[in-house]
Amino acid sequence: MTAATMTGGGRIRALRLFRKTGGLIVSVAVTLLGLLLVTFLIGRVVPVDPVLAMVGDRASQSTYDAAYHQLGLDKPLVEQFLIYVKNVLSGDLGESVLTKNPITTDIRTVFPATLELATFGVLIGTLVGIPLGIWAAVRKGRLADQAVRVIGLIGYSAPIFWLGLMGLLLFYAKLGWTPGPGRIDVTYQYDLPDDGTGFLLYDAAMAGEWEAFWNVAAHLVLPACLLGYYSMAYISRMTRSFMLNELAQEYIITARVKGAPEWRIIWVHALRNAAVPLVTVVALSYAGLLEGSVLTETVFAWPGLGMYLTNSLQNADMPAVLGCTLVIGTIFVAINLLSDLLYNVLDPRVRRRGK
Amino acid sequence: MSDTPMTRRDWLLSDQPASRNQARLGQFYRTWLAFRSNTLAMVGLVIIGVLVLTAILAPLIAPYDPLIGGDLRTERLLSPSLSHLMGTDEQARDIFSRLVWGSQITLVVVALVAVIATPLGILVGTVAGYFGGWVDTVLMRVTDIFLAFPRLVLALAFVAALGPGIQNAIIAIAITSWPPYARLARAETLTIRESDFINAARLQGASSARIIWGHVVPLCTSSIIIRVTLDMAGIILTAAGLGFLGLGAQPPQPEWGAMIASGRRFLIDQWWVATMPGLAIFVVSLGFNFLGDGLRDVLDPKGDR
């Protein structure tokens with residue numbers, strides 16, 4: 001094989017990957033447009049009159065008409081949608097009825113809390129879930145396998161908000177091991193800089209406020225473990241299935257015949273191959289925790305996106321509800337896209353299948 | 001062998017069935033045998049059986065009225081005892097009776113969501129799979145868009161738009177449940193679309209609607225029913241979550257999620273008010289999960305996922 005053909009092959013492969021990525025991006029764009037259409041249409045069927053919500057029911061007809069015109073409701077539906085798309089693309093999700101702030105600003109304020117919580121949740125879920133799944137796969141059909149299965153099914157079955165309440169009841173009220181709801185105790189609140197990133201652990205560490213840091217960490221334990229349990233249920237199940245798949249392959253037999261120690265076969269040979277689809281699973285469970293955070297944050301009075309969403313819901317603040325829905329949907333799509341791309345990069349088989 | 005009288009079991013397990021019905025029943029019996037040996041699945045089946053019986057016999061089982069409480073001065077927030085098995089809530093209502101009546105709401109939600117979402121999914125999936133081309137592209141694109149939202153969040157947005165209430169919660173959950181069924185129905189349709197019997201029907205001049213309804217749909221239904229069973233725990237949890245946020249069934253209806261929300265205020269001193277309904281949700285969805293898991297094991301031994 002000469003150098004020329006090799007670079008030629010490389011170029012073709014790069015082109016293929018590019019084309020595939022391009023196709024993915026187009027389909028993601030269409031999906032995002034669809035998301036916008038769905039939130040737009042939901043906003044249109046609301047029985048709450050947005051004009052009345054703005055001007056109040058004592059407003060005169062002319063005030064009403066002016067607001068009606070200002071909101072652009074007298075334009076044709078298609079034009080309204082295009083305006084909506086244009087606004088969203090320029091980062092304008094409208095104004096919250098409740099807080100009177102632009103929704104983008106509100107979301108930017110609350111989002112770090114959710115991200116911090118979900119990140120620790122998925123970390124716990126991955127660090128516990130993968131070993132559990134491997135253990136179950138190795139002991140397939142035995143007691144350990146059944147135990148892991150039941151632990152997972154319990155995770156799938158318990159309402160997350162109820163489990164959170166039970167956790168608070170046991171560990172906070174009865175045992176006093178963890179602090180109560182919230183992200184930080186009021187006493188420490190003013191130790192943190194006002195212009196922080198919103199990631200309190202990071203802010204506290206940067207400010208050198210170690211007492212505040214440990215307080216934040218202690219508040220994080222219970223909700224993060226709770227979310228971690230849910231992603232652990234999913235991750236351990238998928239790990240088990242991927243590992244079983246790998247352990248049945250012929251290269252494992254070869255490794256055994258060659259006398260490789262069992263731990264090496266499991267942790268090096270099999271796990272490395274199972275790791276590729278696992279990346280997707282971890283990414284998806286990360287996205288799933290966004291959903292779980294809606295209920296968890298309500299229980300733990302965690303000032304994140306989920307609590308912002310439920311607050312807006314309870315106050316019939318439709319622009320904020322739809323803004324949050326759109327943001328969460330977009331993150332969902334983005335994580336899916338990312339895991340697809342990662343999968344393409346990591347798995348040589350997928351790369352070759354493009355031919 | 002032929003001299004001994006044939007038991008019903010032998011007839012069912014015969015490897016030379018004499019009729020189509022015998023073969024079908026035999027297959028069914030074998031599935032049942034495999035299912036019966038799966039302990040978890042049987043536990044699940046028993047739980048669901050108890051739930052259904054509870055819902056039907058609610059007036060007989062519940063010792064007190066679920067909506068009208070006792071004496072507010074003396075019977076408020078009583079801890080569990082023999083006269084109130086699970087204690088009473090802040091309006092002096094017997095929690096056990098409320099849970100018993102609440103099982104009806106749970107079952108109605110699950111049943112209605114299944115009845116709305118399943119046909120919708122089958123319709124979209126079979127039409128997309130059968131026609132292919134741009135119909136397929138458009139329908140699957142719509143399905144993907146719905147799949148792009150996390151289920152609870154989309155349901156929240158719909159309920160927020162339609163207004164809180166049990167009907168709207170059911171509609172919202174159904175709207176968010178159908179896309180996976182559509183995907184599945186499409187996949188099944190693709191595998192049978194080019195079969196000879198479909199071509200034969202087409203050559204005889206059967207219309208597309210007739211082929212889809214008469215030939216494609218019956219073949220897709222069974223796998224979708226399994227999928228719906230697997231989803232039922234999720235439906236219950238979503239409904240409970242909506243109830244917890246005050247968007248599902250409205251008070252004074254004894255909906256389990258809403259009961260947890262109202263018990264939350266008394267969590268620390270009267271733990272039973274929030275704990276008991278949660279246990280009910282947990283046990284029922286565990287039952288559905290056990291059942292679904294067992295069904296999957298029995299019907300699809302390869303699919304470890």
Side-chain angles (χ1 to χ4, degrees), chain A residues 27 30-35 37-39 42-48 146 149-150 153-154 156-163 165-166 168-169 172-174 237-238 240-241 244-245 287-288 290-292 294-295 298-299 309-310 312-314 316-318 321-322 324-325 328-330 332-333 336, chain B residues 39-40 44 137 141-142 144-154 156-164 233-234 236-241 243-247 256-257 260-261 263-264 267-269 271 274-275 277-290 292-293 303-305:
Chain A
S27 86
V30 174
T31 310
L32 286 180
L33 207 63
L35 290 185
L37 187 62
V38 171
T39 48
I42 291 178
R44 299 295 311 180
V45 298
V46 186
V48 184
Q146 291 295 332
R149 185 178 196 176
V150 170
L153 283 176
I154 288 175
Y156 280 118
S157 307
I160 193 165
F161 51 95
W162 176 73
L163 216 53
L165 288 174
M166 294 298 107
L168 277 178
L169 177 63
Y172 166 60
K174 301 285 179 215
R237 192 186 185 111
M238 299 309 267
R240 174 183 179 273
S241 129
L244 283 180
N245 202 9
L290 273 181
E291 185 176 16
V294 174
L295 290 165
T298 316
V299 170
L309 174 60
T310 45
S312 316
L313 271 172
Q314 267 143 16
D317 184 354
M318 271 322 272
V321 170
L322 293 178
C324 288
T325 311
I328 294 178
T330 311
F332 231 58
V333 174
N336 268 311
Chain B
T39 324
L40 286 186
T137 313
R141 192 47 67 191
V142 172
D144 282 347
I145 289 165
F146 275 88
L147 279 174
F149 285 106
R151 203 158 145 191
L152 180 70
V153 174
L154 186 59
L156 283 177
F158 270 113
V159 179
L162 299 169
I236 290 176
L237 290 181
T238 311
F244 179 71
L245 294 175
L247 298 169
W256 296 345
I260 298 180
R264 205 180 147 183
L267 179 69
I268 292 177
D269 295 315
W271 54 269
T275 306
L279 269 182
I281 301 172
F282 172 59
V283 170
V284 168
S285 60
L286 197 64
F288 275 112
N289 272 331
F290 279 169
D293 224 44
D304 246 333
R305 296 184 177 184

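The shown structure was predicted, so the numbers you read here are calculated from the model rather than taken from an experiment. Residue numbers start from 1 in every chain, and the chains themselves are labelled A, B, ... in the order their sequence lines are given, proteins ahead of strands.
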May I ask you to name which of A:G34, A:G292, A:P159, A:C324 has the most heavy-atom pairs under 4.5 Å with chain B?
-> A:P159
Is the shortest heavy-atom distance from the side chain of B:F282 to the side chain of A:L163 under 4.5 Å?
-> no
Could you tell me which of B:L279, B:T238, B:L154 has the largest number of non-hydrogen atom pairs under 4.5 Å with chain A?
-> B:L279
Pairwise side-chain contact, A:L165 with B:F244, heavy-atom cut-off 4.5 Å (strictly under) | yes
Contacting region of A:T330 [heavy-atom separation from chain B under 4.5 Å] = neither
Gap separating the CG atom of A:L295 from the CG atom of B:L245, nearest 0.5 angstrom | 5.0 Å
Separation of B:L152 CG from A:I328 CD1 (nearest 0.5 Å) | 9.0 Å
What residue, out of B:G257, B:G263, B:G278, B:S285, has the most heavy-atom pairs lying under 4.5 Å from chain A?
-> B:G278
Would you indicate whether the side-chain heavy atoms of A:T31 and B:R141 approach each other to under 4.5 Å?
-> yes
Side chain of A:E291, backbone of B:F149: donor and acceptor closer than 3.5 Å?
-> no
Where on A:L313 is there a heavy atom nearer than 4.5 Å to chain B: the side chain, the backbone, both, or neither?
-> side chain
Choice from A:I42, A:V321, A:V30 maximising heavy atom contacts with chain B below 4.5 Å | A:I42
A:L309 portion near chain B, given a 4.5 angstrom heavy-atom threshold = side chain
B:N289 versus A:I154: any side-chain heavy-atom pair under 4.5 Å?
-> no
Mind checking whether A:T298 and B:R264 have side chains closer than 4.5 Å, heavy atoms only?
-> yes
Flag the one option from B:I236, B:D144, B:I268, B:T275 with the top tally of heavy-atom pairs under 4.5 Å to chain A.
-> B:T275
Pick one of side chain, backbone, both or neither for B:L147, based on which atoms fall under 4.5 Å of a heavy atom in chain A.
-> backbone
Would you check if A:W162 and B:I281 make a side-chain contact, meaning some heavy-atom pair closer than 4.5 Å?
-> no
Considering all heavy atoms, the nearest A:T325-B:A157 contact = OG1-CB, 3.7 Å
Taking all non-hydrogen atoms of both residues, which atom of A:A158 and which atom of B:L237 are closest, and how far apart?
-> C-CD2, 4.2 Å
Identify which part of A:V150 has an atom lying under 4.5 Å from any heavy atom of chain B, answering side chain, backbone, both or neither.
-> side chain
Relative to chain A, which of B:A233, B:P150, B:G246, B:A148 shows the most heavy atom pairs under 4.5 Å?
-> B:P150
Partner of B:I145 under side-chain contact (heavy atoms from CB on, under 4.5 Å), chosen from A:V38, A:V333, A:L33, A:L32 = A:V38
CZ-CG distance between A:R149 and B:D293, expressed to the nearest 0.5 angstrom | 4.0 Å
